Novice: 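Take a look at this one; I'll ask things after.
As the structure is a computational prediction, the values presented were derived from the model and not from experiment. Each chain gets a letter, A, B and so on, in the order the sequences are listed, and its residues count up from 1.
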Amino acid sequence: MHAVWPDDPGEALALQARLRRRVVARGAPTPALVAGLDAAYSRDGATVYGAAVLFSFPGLEDVDEAWTACEARFPYVPGLFAFREGPALCAALERLDRTPDLILVHGHGTAHPRRCGIASHLGVLLGIPSIGVADRLLVGKAGEPGAERGAAAPVCFEGEAVGWAVRTRTGARPVYVSPGHLVGHAAAVDLVLAMSVGYRRPEPLRAAHRCASVARAGMTKR
DNA sequence: GCGACAG
DNA sequence: ATCTTGTCGC
């Protein structure tokens, strides 16, 4: 048997190689419940706070929140990010009172050196459609999207579009969107834009980021 | 060999 | 990611 969350980078690479074959970057889900996933770290880096916030869609109402504190076992290695935050994010997700139809993850999906970033990884593992939204590129090059909200430019890597630079807010830097699993490129961009209202990052991710920070603050006290 | 490098 | 206040701009 193989571990779901190996501690060894070599083992993680082998598992990622197997998971990447199951990634399906196609589909156009019409979710009713979307979960935003993000994490925060204790100042010494020994603890990962994973947060999952459930939103209704397209209404965008915050309907449930959950978080967990886990020991940060896996080191930060660009390309193996899922093995560092995945355990805490999955644990938080399990604490929600309902299962989402779509998950939004802070990080990349297919815009990854082996096309299997944390969004794709979690999507395949959970069997739930997923989308990755990152603040900056890990791989590839992207043109500057138009200045107005809604504009997008492809992220090219090894001769193919692996994601999109999306202007979710006029006047703000673009966000990088890529399919995680069971969602195509166009649908991923459309869904992220539909969830980005007034701010650069989509609402579920803003809420998850806040939830993780609050969890850390409340834990740091006592 | 020299950079680049999600959070 | 995290350490950190005020401050410039829409």
Side-chain angles (χ1 to χ4, degrees), chain A residues 5 9 12-13 16 19-20 23 25 36-53 67-93 103-124 130-142 147-149 155-158 162-181 188 192 198-202 204-220:
Chain A
W5 299 116
L13 269 176
Q16 186 176 78
L19 287 177
R20 65 179 295 188
V23 176
L37 270 41
D38 197 8
Y41 296 82
S42 56
R43 89 166 42 176
D44 65 5
T47 307
V48 191
Y49 295 89
V53 179
W67 61 271
T68 55
C70 300
E71 177 190 355
R73 295 182 172 176
F74 208 90
Y76 169 61
V77 180
L80 293 180
F81 194 46
F83 297 91
R84 181 165 172 75
E85 295 195 347
L89 298 184
C90 286
L93 200 52
I103 57 181
L104 266 191
V105 188
H106 191 23
H108 291 104
T110 57
H112 175 278
R114 292 170 294 280
R115 313 296 198 283
C116 193
I118 188 169
S120 299
H121 190 123
L122 297 185
V124 168
S130 62
I131 296 172
V133 180
D135 286 329
R136 39 188 283 200
L137 291 175
L138 169 60
V139 294
K141 277 170 282 185
E148 349 65 49
R149 177 193 134 79
V155 172
C156 301
F157 178 59
E158 296 180 336
V162 295
W164 297 79
V166 182
R167 189 83 65 189
T168 48
R169 178 180 178 170
T170 300
R173 316 160 21 220
V175 106
Y176 300 94
V177 178
S178 59
H181 183 50
V192 168
Y199 295 89
R200 189 172 86 105
R201 306 220 302 212
L205 284 184
R206 296 205 325 122
H209 183 73
R210 256 177 290 133
C211 182
S213 295
V214 169
R216 177 186 58 193
M219 206 59 145
T220 294

Novice: Has A/Y76 got its ring stacked on the base of B/dG7, with centres under 5.5 Å and planes less than 30° apart?
Specialist: yes

Novice: Is A/D135 salt-bridged to A/R201, cutoff N-O under 4.0 Å?
Specialist: yes

Novice: Just checking A/L80: base, sugar-phosphate only, or nothing, at a heavy-atom cut-off of under 4.0 Å?
Specialist: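 The residue A/L80 makes base contact.
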
Novice: Nearest heavy-atom pair of A/L37 and A/A52: which atoms, and what distance?
Specialist: CD1-CB, 3.9 Å

Novice: What about the rings of A/H121 and A/F83, do their centers lie closer together than 6.0 Å?
Specialist: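 Yes, the ring centres sit under 6.0 Å apart.
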
Novice: Any stems for DNA chain C, made of 3 or more Watson-Crick or G-U pairs in a row, each with both distances under 3.5 Å?
Specialist: none

Novice: Between B/dG7, C/dT2, B/dA6, which nucleotide has the shortest distance from any of its atoms to the side chain of A/R84?
Specialist: B/dG7

Novice: OP1 or OP2 of B/dA6 less than 4.0 angstrom from a side-chain nitrogen or oxygen of A/R136, does that happen here?
Specialist: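 Indeed, a polar side-chain atom of A/R136 lies that close.
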
Novice: To the nearest 0.5 Å, tell me how far A/D38 CG sits from A/L89 CG.
Specialist: 7.5 Å

Novice: Measure the distance from CH2 on A/W164 to C1' on B/dA6 and round it to the nearest whole Å.
Specialist: 20 Å

Novice: Which value, rounded to the nearest 0.5 Å, describes the distance between A/Y76 atom OH and A/F81 atom CZ?
Specialist: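 The OH atom of A/Y76 sits 6.5 Å away from the CZ atom of A/F81.
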
Novice: Nearest whole angstrom, please: distance from the C1' of B/dA6 to the CZ of A/R114.
Specialist: 12 Å

Novice: Can you tell me how far the CZ atom of A/R169 sits from the CD atom of A/E148, to the nearest 0.5 Å?
Specialist: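 Taking CZ in A/R169 and CD in A/E148, the distance rounds to 15.0 Å.
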
Novice: Without decimals, in angstroms, what is the distance between A/F157 CZ and B/dA4 C1'?
Specialist: 12 Å

Novice: What is the separation between atom CG on A/L89 and atom P on B/dG7, rounded to the nearest whole Å?
Specialist: 13 Å

Novice: To the nearest angstrom, how far is A/L205 atom CG from C/dA1 atom P?
Specialist: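 In whole Å, C/dA1 P lies 12 Å from A/L205 CG.
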
Novice: Could you state the CG-C1' distance from A/L137 to B/dC5, rounded to the nearest angstrom?
Specialist: 11 Å

Novice: How many whole angstroms separate atom CG of A/L138 from atom P of C/dA1?
Specialist: 15 Å

Novice: Locate the shortest heavy-atom distance separating A/P113 from A/L138; write the atom from each residue and the value.
Specialist: CD-CD2, 3.5 Å

Novice: Using Watson-Crick and G-U wobble pairs whose two distances are both under 3.5 Å, how do you write the pairing of DNA chain B as dot-bracket, with | for links to another strand?
Specialist: .......

Novice: What nucleic acid atoms does A/G45 come within less than 4.0 Å of, heavy atoms only: base, sugar-phosphate, or nothing?
Specialist: nothing

Novice: Please report the distance, rounded to the nearest Å, between CZ in A/F83 and P in B/dG7.
Specialist: 18 Å

Novice: Measure across A/P202 and A/V133 and return the closest heavy-atom pair with its distance rounded to 0.1 Å.
Specialist: CD-CG1, 4.2 Å

Novice: Base, sugar-phosphate, or nothing for A/A39, non-hydrogen atoms under 4.0 angstrom?
Specialist: nothing

Novice: Atom CZ in A/R206, atom CZ in A/R200: separation rounded to 0.5 Å?
Specialist: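 These two atoms lie 12.0 Å from each other.
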
Novice: Which part of the nucleic acid, if any, lies within contact of A/D44, taking any heavy atom under 4.0 Å across all strands shown: a base, the sugar-phosphate backbone alone, or nothing?
Specialist: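 No contact at all - A/D44 keeps every heavy atom at 4.0 Å or more from the nucleic acid.
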
Novice: If every non-hydrogen atom of A/V48 is compared with every non-hydrogen atom of A/A72, which pair is closest and at what distance?
Specialist: CG2-CB, 3.4 Å

Novice: Give A/H112 one of three labels, base, sugar-phosphate or nothing, depending on what nucleic acid heavy atoms sit under 4.0 Å from its own.
Specialist: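 Base, at least one base atom sits under 4.0 Å.
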
